[in-house]
2 protein chains.
Amino acid sequence: MEICSKNCINKEKVEETVKTIPAQEEINQMADIFKALSDPSRLKIVLAILNQEHCVCEIATICGQTDSAISHQLRILRTLKIVKNRREGKVIYYSLEDEHVISTINMSLDHVRH
Amino acid sequence: MEICSKNCINKEKVEETVKTIPAQEEINQMADIFKALSDPSRLKIVLAILNQEHCVCEIATICGQTDSAISHQLRILRTLKIVKNRREGKVIYYSLEDEHVISTINMSLDHVRH
DNA sequence: TCTTCATATGAGCATTTGTTCATATATTAA
DNA sequence: TTAATATATGAACAAATGCTCATATGAAGA
């Protein structure tokens with residue numbers, strides 16, 4: 001890595017920090033989770049099933065969106081293993097899968113509310 | 001709100017959950033912070049100044065991006081009050097402003113590393 | 001079997017996003 | 001004042017995103 005191309009750069013500080021930067025793959029994984037929560041519609045879906053499971057239609061009602069839009073978003077959340085589902089006849093119930101996401105959400109809720 | 005348009009909807013459960021959903025403005029604020037961390041390049045910038053302040057050129061070196069790209073991203077992070085800066089002559093040093101973001105990042109780091 | 005209901009998915013489209021490139025601003029030194 | 005350095009910003013553009021609409025799938029009941 002080219003480190004000394006500018007006068008303002010403190011080589012030691014830069015090398016020190018470079019050592020602490022996670023691998024790109026880890027950064028991408030972190031970013032993926034944040035991206036899942038970064039869209040207000042998708043975040044609202046996650047908030048809707050934070051305390052209890054709901055079927056797709058219920059989530060759509062709670063979020064004021066179409067079933068289709070919710071289903072598309074749930075697919076993204078499923079792929080990222082943020083939500084899980086269980087079938088009961090025709091109805092599919094969704095709930096949160098990732099404990100870490102739950103605490104992240106609760107922390108963020110605390111933040112905006114205080 | 002139209003709640004009973006479908007058979008599968010449990011009205012009580014929906015009303016219960018609706019009470020717990022934050023105001024739209026709060027949801028948007030939460031989403032904004034997550035969005036700030038949702039792009040790998042921007043997340044890397046935040047990670048670069050997690051432990052110590054750096055100037056724009058140093059951040060660019062650490063992140064392997066141009067000064068301009070970094071500057072554009074820092075503007076977004078500044079607007080969201082995630083980073084702060086101080087001037088020292090020609091050089092501007094950036095560091096993290098929001099304590100809550102710091103713990104969110106550390107939590108996320110823990111998550112991907114274990 | 002045929003219909004209905006709940007959910008999923010593909011294509012298409014408008015909007016947003018992140019980068020590049022050129023240029024502007026601000027500070028320091030000559 | 002002029003030149004050099006560090007940072008900021010505007011325009012432009014390619015890529016990604018979230019929604020709609022049409023259609024498909026899968027389960028239950030008539």
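Reminder, nothing fancy here: chain letters follow the sequence lines and each chain counts from 1.
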> Which residues pass the salt bridge (charged side-chain N to carboxylate O under 4.0 Å, His left out) test with Glu97(A), sequence neighbours left out?
Replying inline: none

> Atom CG of Asn7(B) to atom P of dA6(C): distance rounded to whole Å?
Replying inline: 5 Å

>> Generate the contact string for nucleotides 7-12 of chain D. Rules: B means base contact, S means sugar-phosphate contact only, - means no protein heavy atom under 4.0 Å.
In response: BBBB--

> When you measure from every atom of DNA chain D, which of residues 28-43 of chain A have a heavy atom less than 4.0 Å away?
Replying inline: Lys35(A), Asp39(A), Ser41(A), Arg42(A)

>> Restricting to salt bridge (charged side-chain N to carboxylate O under 4.0 Å, His left out), what partner residues turn up for Asp67(B), sequence neighbours left out?
In response: Lys6(A)

> Which comes earlier along DNA chain D counting from the 5' end, the contact point of Gly89(A) or that of Thr66(A), where each point is its nearest nucleotide?
Replying inline: Thr66(A)

> Nearest 0.5 Å, what's the NE2-CD1 distance between His54(B) and Ile59(B)?
Replying inline: 7.5 Å

>> Strictly distance-based, threshold 3.5 Å: is any side-chain N or O of His100(A) a donor or acceptor partner for the main-chain N or O of Met107(B)?
In response: yes

>> Which is more 5' along DNA chain D, the nucleotide nearest Ile76(A) or the one nearest Glu88(A)? Just name the residue.
In response: Ile76(A)

> Atom CD1 in Ile49(B), atom OH in Tyr94(B): separation rounded to 0.5 Å?
Replying inline: 9.0 Å

> Would you say the side chain of Val46(B) lies within less than 4.5 Å of the side chain of Ile102(B), judging by non-hydrogen atoms?
Replying inline: no

> Who passes salt bridge (charged side-chain N to carboxylate O under 4.0 Å, His left out) against Glu88(A), sequence neighbours left out?
Replying inline: Arg86(A)

>> Going by side chain to side chain contact (heavy atoms under 4.5 Å, CB included), name the residues that satisfy it together with Ser38(A), two or more places apart in sequence or in a different chain.
In response: Lys35(A), Arg42(A), Phe34(B), Lys35(B), Ser38(B)

> Over how many whole Å does the gap from Ile70(B) atom CD1 to dT19(C) atom P extend?
Replying inline: 8 Å

> Does dT19(C) have OP1 or OP2 sitting under 4.0 Å from an N or O in the side chain of Gln73(B)?
Replying inline: yes

